[in-house]
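Data block below; observations after.
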Amino acid sequence: NPKEWQCHEVKNNTICLPVQWQVVEQGKVFYFASHDTNDRNAFFTVIKFDTGLAKLNSSQYLREGYSQMLKDITQAFVGYTLKKMTFKRKESYYAEYFTEIDGKEYFAYSMVFEINGFLYDVALKLPKEKSPKYKDVFKDILFNFKIDGKPVFDEGDEIEKIEVIDLSK
């Protein structure tokens, strides 16, 4: 684990993040933390739901999210990049989203994957100018994320294929 990190056991998941981030108890998403108490638009979340109950897979979830972003009136959706990454034993979707709220540009990292019948969306949103220094933090969060004690991602995981996905089609 990176130094000065806190780890939380939430059901059968281990979520680790920098110690200065504040975990917020709430009922809307599976896990929520604030990394900048002065900016309510900057946050870290883990969304988790049962794919059978929701009848939604990763691709459908991403398309629905894209559709919602286009309709959102609280923030301007500026653009995104989305890559489907195929590993030996799993697929995941890595996205970068660009938005603007009250004239301030934001950037979000997101990794969407399905495991054991659950869909996860691990996301970090922050002011665009801070995004380069948080890329490694987001990677560390992913590499330390565990389900049933096993890491979801491993630095040794070989990516077999990367496809750029266009959600507008």
Side-chain angles (χ1 to χ4, degrees), residues 1-58 60-69 71-77 80 82 90 92-102 104-154:
N1 277 352
K3 286 184 177 77
E4 298 186 27
W5 276 49
Q6 56 183 324
C7 293
H8 302 114
E9 296 295 322
V10 186
K11 300 201 173 150
N12 63 334
N13 300 246
T14 306
I15 302 167
C16 301
L17 43 122
V19 75
Q20 63 273 27
W21 292 12
Q22 291 185 315
V23 177
V24 179
E25 294 294 327
Q26 45 70 55
K28 289 188 176 172
V29 295
F30 184 68
Y31 189 85
F32 185 95
S34 172
H35 55 82
D36 181 348
T37 52
N38 299 320
D39 187 344
R40 64 184 185 86
N41 297 308
F43 52 81
F44 169 75
T45 61
V46 177
I47 294 171
K48 174 186 176 184
F49 60 81
D50 185 317
T51 54
L53 287 175
K55 295 187 178 8
L56 211 59
N57 64 24
S58 295
Q60 293 162 322
Y61 170 80
L62 288 160
R63 287 186 190 288
E64 180 60 29
Y66 174 74
S67 170
Q68 294 297 324
M69 280 193 263
K71 294 175 194 163
D72 193 336
I73 54 168
T74 60
Q75 62 182 347
F77 182 50
Y80 74 98
L82 175 62
K90 66 179 165 288
S92 63
Y93 293 83
Y94 173 71
E96 295 179 350
Y97 297 102
F98 308 92
T99 56
E100 195 174 296
I101 303 168
D102 298 328
K104 187 172 181 179
E105 293 182 315
Y106 286 87
F107 180 92
Y109 297 103
S110 166
M111 186 69 94
V112 173
F113 52 91
E114 292 175 51
I115 290 183
N116 301 336
F118 287 94
L119 182 144
Y120 290 84
D121 182 354
V122 179
L124 174 61
K125 183 174 180 179
L126 53 146
K128 189 179 173 192
E129 74 271 6
K130 292 184 179 178
S131 62
K133 75 176 192 176
Y134 277 90
K135 191 169 183 98
D136 286 339
V137 173
F138 188 66
K139 270 190 205 165
D140 285 339
I141 289 169
L142 290 173
F143 287 138
N144 286 285
F145 191 93
K146 294 179 183 145
I147 298 173
D148 296 327
K150 296 183 193 99
V152 175
F153 296 96
D154 186 297

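Just the heavy atoms: all of them, side chains too, but no hydrogens, waters or symmetry mates, feed the values below.
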Pair Thr51, Asn57 - check side-chain hydrogen bond (donor to acceptor under 3.5 Å, both in side chains), show working.
CA-CA 6 Å; Thr51 54; Asn57 64 24; over 6 Å; no

Closest contact, heavy atoms only, [X] versus [Y]:
X	Y	result
Val122	Phe138	O-CZ, 3.4 Å
Ala42	Leu126	CB-CA, 4.1 Å
Leu56	Leu119	O-CD1, 4.5 Å
Val112	Ser58	CG1-OG, 3.8 Å
Ile141	Cys16	CG1-O, 3.6 Å
Pro18	Gln6	O-NE2, 3.0 Å

Gap between atom [atom2] of [Y] and atom [atom1] of [X] - 0.5 Å precision:
X	Y	atom1	atom2	value
Tyr94	Leu142	OH	CG	9.0 Å
Thr45	Leu124	OG1	CG	8.5 Å
Asp102	Glu100	CG	CD	9.0 Å
Met111	Phe113	CE	CZ	8.0 Å
Leu82	Leu62	CG	CG	5.5 Å
Gln20	Asp36	CD	CG	11.0 Å

Take Asp72 and Thr99, measure what side-chain contact (heavy atoms from CB on, under 4.5 Å) needs, and give me the verdict at the end.
CA-CA 10 Å; Asp72 193 336; Thr99 56; over 6 Å; no

Heavy-atom check, side chain of [X] versus side chain of [Y], under 4.5 Å:
X	Y	answer
Tyr120	Val152	no
Tyr109	Ser131	yes
Val137	Trp5	yes
Thr14	Asn144	no
Ile147	Asn116	yes
Val46	Val29	no
His35	Tyr134	yes
Asn41	Tyr106	yes

Could you go through the side-chain contact (heavy atoms from CB on, under 4.5 Å) check for Asn13 and His8 one step at a time?
CA-CA 8 Å; Asn13 300 246; His8 302 114; over 6 Å; no

Is it possible for you to check whether [X] lies under 6.0 Å from the centre of the six-membered ring of [Y], through NZ or CZ, and within 45° of that ring's axis?
X	Y	value
Lys48	Phe118	yes
Lys90	Phe153	yes
Lys125	Phe43	no

Could you check Phe77, Tyr61, Tyr97 and say which one makes a side chain to side chain contact (heavy atoms under 4.5 Å, CB included) with Tyr66?
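Result: among Phe77, Tyr61, Tyr97, Phe77 is the only option passing the side chain to side chain contact (heavy atoms under 4.5 Å, CB included) with Tyr66.
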
Walk me through whether Glu96 and Lys135 qualify under salt bridge (charged side-chain N to carboxylate O under 4.0 Å, His left out).
CA-CA 11 Å; Glu96 295 179 350; Lys135 191 169 183 98; 3.5 Å; yes

Aromatic ring proximity, centroids under 6.0 angstrom, Phe30 and Phe32
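So the answer is no for these two rings.
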
State whether the side chain of Asp148 and the backbone N or O of Lys150 hold a donor-acceptor pair below 3.5 Å, judged by distance alone.
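No: the side chain of Asp148 does not pair with the backbone of Lys150.
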
When you compare the side chains of Gln68 and Glu64, does any donor N or O come within less than 3.5 Å of an acceptor on the partner?
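A pair is found: one side chain offers a donor N or O, the other an acceptor, under 3.5 Å apart.
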
